[in-house]
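One structure is given here, and the rest of the page talks about it.
Chain letters run A, B, ... following the sequence lines, proteins first and then strands; every chain starts at 1. This one's a predicted model, so the numbers in the text were calculated from it and none came from an experiment.
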Amino acid sequence: MTDTEPNPSTGVPAAGAPDADVLTADLNATQSEAVRTVDGPVLVLAGAGTGKTRVLTTRLAYILRAGLAMHGQILAVTFTNKAAREMKERVGAMTRRPVEGWWLGTFHALAARMLRQNAERIGLNPNFTIIDTDDQLRLMKQLLQAQSIDEKKWPARTVLHAVQRWKDRGLTPDQVSAEDAGDLAGGKAIELYKQYQQRLLTLNACDFGDLLLHCLTLFREAGDVLEKYQQQFKYILVDEYQDTNVAQYLWLRLLAQGHKNICCVGDDDQSIYGWRGAEVGNILRFEQDFPGASVVRLEKNYRSTGHILGAAGGLISHNEGRLGKTLWTEIDQGEAVRVRGLWDGDAEARFVGEEVEALQADGHPLSEIAVLVRTGAMTRGFEDRFFTIGLPYRIVGGARFFERLEIRDALAYLRLIQSPDDDLAFERILNTPKRGLGDKALQTLYQAARARGTSLMRAAFDVAQTEELRPQARRALGTLLEKFARWRQLAQESDHVSLAQTVLDESGYTEMWQRDKSAEAPGRLDNLKELISAMGEFDALGGFLEHVSLVMETFADDAAEKVTVMTLHAAKGLEFDTVFLAGWEEGLFPNQRAMDENGVKGLEEERRLAYVGLTRAKRRAIVSFAANRRMFGSWNAAIPSRFVDELPKEHVKMESDPGLYGTGTGFGGGGFGGGRDTFSSFAEQPSRWTPGMARAYQRRQEGEAPTKFIEGTAETVASAPGKFGRGDRVFHRKFGYGTVRQAEGERLTIDFDKADTKKVMASFVVPPEQAD
DNA sequence: CGCAGGCAATTTTTT
DNA sequence: ATTGCCTGCG
């Protein structure tokens with residue numbers, strides 16, 4: 001069935017019929033305009049909650065239904081797999097046809113598709129691998145070592161970061177100016193970049209940046225290829241345009257030069273990825289970049305109350321160089337944004353916990369409540385608190401499934417079966433599990449590979465026949481290579497799921513973790529099982545590996561009846577009835593480092609982040625800050641974020657705890673939380689354990705006394721007699737870990753572990769005003 | 001080759 | 001405080 005035929009099952013008329021108008025019937029005037037402006041470049045400035053996704057999907061369906069193009073002639077680009085998936089679902093529902101094979105996907109997935117179609121034109125094999133950060137880093141380290149560059153002075157991360165920024169700007173090694181490189185890596189940065197690219201080419205591999213960069217090179221050097229795509233894509237749709245980097249912009253501009261029908265949707269006020277190369281300038285310059293462009297502003301907000309929009313709008317108005325939008329809503333004014341000052345981070349977590357419980361008691365679903373924080377580390381305090389009070393919660397983010405050690409190892413085996421020349425994979429598993437092939441053996445193999453001009457795997461087959469390695473190592477290598485030969489055979493004969501199972505068993509990898517008695521081993525084995533079962537959803541090994549490289553997603557259970565805790569970045573594109581915005585302290589948010597490194601630009605991006613946070617809220621936004629926060633072990637005093645002051649007074653209700661900043665007597669954040677088990681909140685989810693936590697948990701399992709937390713004033717502790725006994729392990733927020741020597745009435749004596757605080761205290765709790 | 005102990009680094013995150 | 005990384009020794 002072609003795109004121009006009527007759909008027999010739905011009776012949808014043929015393309016070109018006025019029926020396409022039906023699609024826009026439910027939209028407001030500007031949304032409809034955004035959908036129907038189909039000749040020439042269009043920029044849709046879509047404020048938060050103005051129906052951006054709806055416009056984008058309707059536009060795609062409209063173009064199809066109006067018969068302006070067939071699906072193969074539309075390029076629809078998103079940033080995340082999630083956005084791509086959502087768009088596929090919605091367009092599929094609207095057009096009632098499968099969305100298979102469409103050019104709808106992320107920048108990287110679409111670029112990879114184009115590259116695979118034309119790989120040989122730029123010296124790659126169509127089955128090139130896409131490497132992850134881990135591999136990138138190891139590769140760069142090797143290059144630094146080869147150049148004898150001091151890794152202390154120029155860490156591989158730093159150099160790699162620079163390389164990535166160049167790639168974001170669409171610069172190949174010869175296009176980087178010496179001035180740009182500066183004295184990075186002792187002035188050898190450009191040379192390193194060049195070598196890095198050469199090495200990747202030899203490995204038949206790309207990193208994420210290359211997917212776009214190679215496309216640009218391809219377009220530049222193979223005019224016929226570019227022309228073909230330019231002809232093919234009659235319409236181009238782009239989501240989240242404010243987050244594009246220069247390479248992505250160039251890619252789009254080249255592709256759009258054919259039909260000039262490019263529609264970019266975005267919001268300059270929601271650009272929060274400058275630190276990874278996004279250029280707000282792209283959206284600000286749209287009208288110059290695409291002459292004759294129309295601009296449509298979506299300003300009617302369907303999400304938030306008047307107070308929330310007022311607060312967010314007032315805050316963002318402190319940024320300069322905006323395209324400018326004023327959101328309005330027909331929803332009621334609602335409640336003012338609450339701003340709550342608290343004594344410390346624990347008090348803040350306690351406050352949020354109590355508020356959530358109150359909302360829950362009023363019948364508010366937990367799935368409509370979110371706690372948004374600036375840094376990933378801040379989720380821990382809330383997790384701890386929510387667990388303690390038995391509040392169901394979900395942490396978004398953290399270590400992602402495919403980034404876990406055991407998953408990467410397992411994937412390396414599979415990659416190596418798929419493409420034997422994948423040196424990075426080879427290196428990773430050569431001695432994992434330990435089989436007596438360490439650094440020495442690897443060096444020998446490297447030399448052999450270099451001498452022969454082949455990959456490590458091929459060189460290894462030769463070396464196994466010679467005297468170059470000690471007999472023991474030679475035998476071990478021989479055994480490994482035999483296994484690989486067998487597995488490769490098996491890959492032809494059996495399905496990829498049983499292949500993976502066999503590989504993990506025969507390689508001794510599963511056994512390695514079964515033998516491992518550390519507490520995190522069971523979690524790792526679970527993850528391996530999960531990996532095997534995930535593979536079942538793919539037809540073949542190749543497809544699975546491509547998915548893994550491009551879609552680094554955790555298979556998470558969403559939709560559960562839980563409070564969500566996540567970073568502000570992770571919250572983009574989501575909405576909740578109630579949003580808690582925690583940690584609004586100067587230095588933390590706006591983040592000091594962001595300001596130090598990027599000055600006013602950095603500050604403005606932080607402000608946009610605050611704006612994004614506020615506009616996630618449909619009915620309630622509650623901002624909080626703490627006067628004291630423990631960071632990296634020590635206590636920091638803090639003042640409220642400047643963003644608190646920037647919220648327009650008429651939309652805000654201040655409710656700082658009494659006693660903060662000398663405004664009264666008494667101290668907030670009292671309460672008593674003693675007797676809490678340090679590790680209980682993680683006991684049920686071993687897969688989330690860090691090695692340190694796992695060790696501590698194990699110590700506890702072995703009978704060591706549990707650690708108790710002490711918080712609150714001397715009085716409150718004294719009012720809870722019997723909570724502490726001789727020999728209890730305690731943790732005090734200022735003095736750290738200790739042991740109770742004596743506990744009678746309100747006199748507690750504690751020996752603290754740290755030498756400088758090893759003193760006997762009559763009253764162990766520091767009143768809040770004395771805390772640093 | 002493997003392990004214990006010393007040592008810096010510790011924003012945000014997708015693909 | 002915690003973590004991963006590096007080094008030096010057995």
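- Of the residues in residues 591-608 of chain A, those lying under 4.0 Å from DNA chain B by heavy-atom distance are A:Asn591, A:Arg593, A:Glu597.
- With rounding to whole Å, A:Leu372 atom CG is found 13 Å from B:dT12 atom C1'.
- Using a 4.0 Å cut-off between charged nitrogen and carboxylate oxygen, A:Glu597 and A:Arg593 count as a salt-bridge pair.
- With DNA chain B read from its 5' end, the first of the two nearest nucleotides for A:Ala377 and A:Thr106 is the one closest to A:Ala377.
- Within 4.0 Å (heavy atoms only), A:Gly436 reaches sugar-phosphate atoms of the nucleic acid but no base atom.
- Residue-level contact check: A:Leu437 touches the backbone only, with heavy atoms under 4.0 Å from sugar-phosphate atoms and none from bases.
- C:dG4 and B:dT11 have their P atoms separated by 15 Å, given to the nearest Å.
- Counted by atom type alone, A:Gln592 and A:Asp596 present one or more donor-acceptor pairs between their side chains at under 3.5 Å.
- Side chain to side chain, A:Asp409 and A:Thr432 fail the donor-acceptor criterion of an N or O pair below 3.5 Å.
- Between A:Asn81 and B:dT14 there is no side-chain N or O to OP1 or OP2 distance below 4.0 Å.
- A:Asp268 and A:Gln242 share no donor-acceptor pair across their side chains, judged by distance under 3.5 Å alone.
- Aromatic pair A:Trp251/A:Tyr249: ring centres not closer than 6.0 Å.
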Could you list the protein-to-nucleotides 5-10 of chain C atom pairs, N/O on both sides, closer than 3.5 Å?
none

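- What separates CZ of A:Arg380 from P of C:dT3 is a distance of 8 Å, to the nearest Å.
- Nearest to the side chain of A:Tyr273, among B:dG2, B:dT11, B:dT13, sits B:dT13.
- Taking atom NE2 of A:His108 as the reference point, atom P of B:dT14 lies 12 Å away to the nearest angstrom.
- At whole-Å resolution of the value, CE in A:Met378 and C1' in C:dT2 are 18 Å apart.
- For A:Lys440, whose side chain is taken as the heavy atoms from C-beta onward, the closest listed nucleotide among B:dT15, B:dT12, B:dC1 is B:dC1.
- Remark: C1' of B:dT15 and CG of A:Asp135 are 15 Å apart, rounded to the nearest angstrom.
- Between the side-chain ring of A:Phe208 and the base of B:dT14, no stacking contact exists by the 5.5 Å and 30° definition.
- Atom CZ in A:Arg157 sits about 11 Å away from atom P in B:dT12, given to the nearest Å.
- Atoms NZ (A:Lys572) and C1' (B:dT14) sit 11 Å apart, rounded to a whole Å.
- A:Arg276 forms a cation-pi arrangement with A:Tyr273, by the criterion of a distance under 6.0 Å to the ring centre and an angle within 45° of the ring axis.
- Using cut-offs of 30° and 60° on the angle between ring planes, the pair A:His108 and A:Phe208 is perpendicular.
- Look at A:Asn431 and you'll find a side-chain N or O under 4.0 angstrom from OP1 or OP2 of B:dG2.
- Remark: A:Arg116 is positioned above the aromatic ring of A:Phe128, its terminal NZ or CZ atom under 6.0 angstrom from the ring centre and at most 45 degrees off the axis.
- Each of A:Ala441 and A:His569 has a nearest nucleotide on DNA chain B; the 5'-most of these lies closest to A:Ala441.
- Here the side chains of A:Lys167 and A:Gln197 are in contact, with some heavy-atom distance below 4.5 Å.
- Note: A:Trp584 and A:Phe589 have perpendicular aromatic rings, judged against thresholds of 30 and 60 degrees for the angle between ring planes.
- Look at A:Thr567 and you'll find a side-chain N or O under 4.0 angstrom from OP1 or OP2 of B:dT13.
- Atom P of nucleotide B:dT12 and atom CZ of A:Arg276 are separated by 13 Å, given to the nearest angstrom.
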